[in-house]
Amino acid sequence: MVKHSSRIYLSQSALTNNINFIRKKIGPKPIISSVVKANAYGHGIRTFVTMAEKAGVRHFSVASAWEAEEVLHSRQQDSNIMIMGILYEEDIPWAIENEIEFYVFNLDRLPITMECARKIGKKAIIHLEVETGANRTGLQKNEFPEALNYLKKYNAWLEFRGLCTHFGGAESLSNRFKLDAQHKSFNEFYSICKKKKILPLHRHMACSAAIFSEPSSIYDMVRIGVLQYGFWPSPDIYYMHLQETGKANDKPLKRIVTWKTDIMDIRHVKTGEFIGYGTAFQATQDMKVAVLPLGYSNGYPRALSNQGHVLIGGKKSPIVGLINMNLFMVDISHLDEVKVGDEVVLIGRQNKGVINVSSFTNFTQLVNNEMLSRLPAAIPRKIVR
Ligand SMILES: *Cc1c(COP(=O)(O)O)cnc(C)c1O
C-alpha cells in the first residue's frame with residue numbers, strides 16, 4: 001500500500017491513564033459511556049473503540065446510526081452502543097436487531113418503535129431524553145406522563161433503559177444558574193417517574209465538564225467525550241480541578257494523539273522573494289524553506305497561515321505563507337542538518353519540543369473539538385504504547 005501524506009499515532013497508555021483519572025473522579029459505580037461521535041473527536045472511531053475497550057470501557061455513545069454501525073463493526077467485546085441523535089425511522093429495525101440503545105425525544109417515536117419491536121420479536125432499548133433547558137432535543141414536561149404510560153403499557157416491547165438530558169454549557173462557570181436550573185428540572189422529571197412507579201434502569205446527565213462543575217449530576221452513567229481524549233473542557237474546569245486538589249498545577253490528563261508528516265522538499269529563497277500563493281510572505285533575508293505534503297484539505301487549519309509552528313529536529317519551525325490545499329511551507333533557516341524525508345511533528349512531542357492542540361486553538365474546548373474532529377478519516381491511525 002502506498003503511503004499517505006501524514007499519519008496519526010494514538011497512545012494506549014495515555015487513554016488508559018485518562019480513563020483511570022475519570023474513574024477515580026466519579027467513583028467506582030457509574031458506567032463510563034465513551035462518547036465517540038465525530039469519528040471519536042477526530043481520533044478515528046474504529047481504532048479508538050479497540051483502545052477504549054482495552055482500557056475497560058464497555059459503553060459507547062454516538063450521534064448517529066451511521067456511527068453506531070462503525071462501533072458495531074469495530075468492537076471486540078460485548079460493549080453497549082447508544083445513539084444520542086439521529087436514527088431514521090427506516091433504521092429502527094436495524095437498531096433493535098443489533099440491541100443498539102437509542103434516545104427517544106418525541107412522542108411519535110414510541111408507537112413506531114413499539115410496532116417495529118413487536119414485528120421483530122425483540123425488545124427495543126430506549127432512553128427517554130427530556131427537555132431541561134438546552135432546547136435542542138427532549139420531551140417536554142407536559143408530554144412526559146403520556147410517554148411513561150406508553151412505556152408501561154407496552155413494556156413487553158419497550159425497555160426503559162435510561163432517563164437522560166444534556167447540559168447546555170457545563171464548561172463555563174458563568175452558566176452556573178443555568179446548570180442548576182437544568183439539574184432541578186431533571187429531578188422533577190425523575191419525581192414523575194417515581195410517582196408513577198415507572199423507573200428507568202439508569203439516569204444519566206453529566207458530560208466531561210459536568211463531573212467537575214455539577215458533580216451531583218453524576219448518576220448511574222456519565223457520557224464522557226473531550227476529557228477521555230486528554231483535554232480539559234475549558235480553563236474554568238481546569239481551575240476547578242486545581243481548587244479541588246489544592247495543587248498549584250497538575251497534569252493528570254495525557255494527550256492521546258500525535259500527528260506527523262515528513263519533509264517533501266527543501267529550497268533556498270532569496271531576499272525579496274515571495275513564498276507560496278500571493279504576497280502573504282516575503283523573505284526579508286535569504287532563507288531555507290521546507291515544503292510539507294499536506295494542507296487544509298488534510299485537516300491542517302488554514303487559519304495557521306503565517307502563524308503557528310511545526311517541529312523538525314525537536315525545534316520549532318514557523319509556518320511561512322498561506323496554508324495551501326495540499327502543501328505548506330515552514331522556515332528551517334535555523335536548522336543545519338535537515339534533509340528531505342525528515343520527520344515533522346504537527347501535533348505532539350519531538351525530542352524536547354512539543355506542540356499541543358491548544359497551541360492551535362488557544363485552549364478552548366470548542367475549537368479543540370472543531371480542529372480535531374476535522375482530521376480526515378482517511379489519515380492512517382496507528383496504536384502506540
Ligand atoms: C457530545 C456529547 C457529550 C460529551 O460531551 P463532552 O463535553 O465532550 O464530554 C455528552 N452528551 C451528549 C448528548 C453529547 O452530544
Side-chain angles (χ1 to χ4, degrees), residues 15 18-19 21-23 25-26 30-43 45 48 52 57 59-68 71 80-87 101-105 126-139 161-173 175 178-179 182-183 186 202-215 217-238 240-241 253 255-257 357-358 361 363-374:
L15 174 58
N18 299 344
I19 295 289
F21 171 71
I22 293 160
R23 174 54 71 201
K25 170 75 191 159
I26 65 172
I31 297 166
I32 296 176
S33 183
S34 164
V35 180
V36 292
K37 65 192 182 196
N39 201 23
Y41 292 42
H43 289 67
I45 188 164
F48 188 82
V57 169
H59 197 285
F60 293 93
S61 293
V62 293
S64 67
W66 193 85
E67 293 170 337
V71 180
N80 294 62
I81 305 169
M82 178 172 82
I83 302 172
M84 307 183 291
I86 181 71
L87 169 66
E101 310 168 19
F102 54 92
Y103 279 24
V104 168
F105 40 78
I126 65 176
H127 295 253
L128 288 186
E129 187 191 16
V130 293
E131 170 57 56
T132 57
N135 283 300
R136 295 201 320 190
T137 46
L139 290 160
R161 178 66 61 89
L163 176 74
C164 57
T165 191
H166 187 48
F167 284 116
E171 72 286 347
S172 170
L173 275 177
N175 292 331
K178 186 178 165 191
L179 305 187
Q182 281 197 261
H183 194 179
F186 186 65
H202 299 137
R203 266 180 294 171
H204 52 102
M205 179 173 202
C207 55
S208 296
I211 68 173
F212 296 91
S213 59
E214 191 85 3
S217 72
I218 301 171
Y219 293 110
D220 310 296
M221 183 161 84
V222 293
R223 305 181 308 262
I224 303 292
V226 64
L227 205 61
Q228 67 177 333
Y229 301 107
F231 303 105
W232 291 101
S234 65
D236 280 8
I237 299 296
Y238 175 60
M240 262 180 224
H241 166 74
L253 295 171
R255 180 175 27 75
I256 294 171
V257 70
V357 177
S358 57
T361 61
F363 208 71
T364 69
Q365 171 188 356
L366 295 180
V367 232
N368 271 355
N369 284 353
E370 182 176 349
M371 192 256 144
L372 288 170
S373 65
R374 284 183 172 179

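Each ligand, and each atom within it, is numbered from 1 in the order the structure gives. Computed over heavy atoms, backbone and side chain alike; hydrogens, waters and symmetry mates excluded.
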Ligand-residue contact atoms, ligand 1 with [X], heavy atoms, under 4.0 Å:
X    : value
M84  : 11 (N), 12 (C), 13 (C), 14 (C), 15 (O)
S208 : 6 (P), 9 (O)
V226 : 6 (P), 7 (O), 8 (O), 9 (O)
Y41  : 1 (C), 4 (C), 5 (O), 6 (P), 8 (O)

- Message: Check this for me: R255, atom CZ, are more than 12 non-hydrogen atoms of other residues, nucleotides or ligands nearer than 6.0 Å?
- Response: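 Yes, because the 6.0 Å sphere around CZ of R255 holds more than 12 heavy atoms from other groups.
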- Parallel, tilted or perpendicular: rings of H204 and H127 (30°, 60°):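 Because their plane-to-plane angle is over 60°, the rings of H127 and H204 count as perpendicular.
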- Give the ring-plane orientation class for W232 versus H241, where under 30° counts as parallel, over 60° as perpendicular and anything between as tilted.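 Tilted: the ring planes of W232 and H241 meet at 30° to 60°.
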- Item | Sub-3.5 Å N/O-N/O distance, C207 and ligand 1 |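 It does not: no N or O of C207 is found under 3.5 Å from an N or O of ligand 1.
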- Message: Taking a cutoff of less than 4.0 Å between a non-hydrogen atom of the residue and any ligand atom, is V35 in contact with ligand 1?
- Response: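 Yes.
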- Test of ring centre spacing under 6.0 Å for Y229 and F48: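 For Y229 and F48, the ring centres are under 6.0 Å apart.
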- Message: Applying a heavy-atom cut-off of 4.0 Å, say which part of E171 lies close to ligand 1: side chain, backbone, both or neither.
- Response: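 The answer is neither.
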- Item | R136, portion touching ligand 1 at heavy-atom distance under 4.0 Å |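 Contact part for R136 vs ligand 1: side chain (C-beta onward).
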- Task: With sequence neighbours excluded, tell me which residues meet side chain to side chain contact (heavy atoms under 4.5 Å, CB included) with E131.
- Result: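 With neighbours one apart ignored, the set is N135, Q140.
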- Message: Listing request: all salt bridge (charged side-chain N to carboxylate O under 4.0 Å, His left out) pairs with a residue in residues 30-39, at least two apart in sequence or in separate chains.
- Response: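 Sorted result for residues 30-39: empty, none.
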- Task: Select the closest option to atom 10 (C) of ligand 1 among M82, M205, H204, R223, judged by heavy-atom distance.
- Result: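 The option holding the nearest heavy atom is R223.
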- Query: Going through the checks in order, is the side chain to side chain contact (heavy atoms under 4.5 Å, CB included) test met by H59 and E101?
  - Reply: CA-CA 10 Å; H59 197 285; E101 310 168 19; 3.2 Å; yes
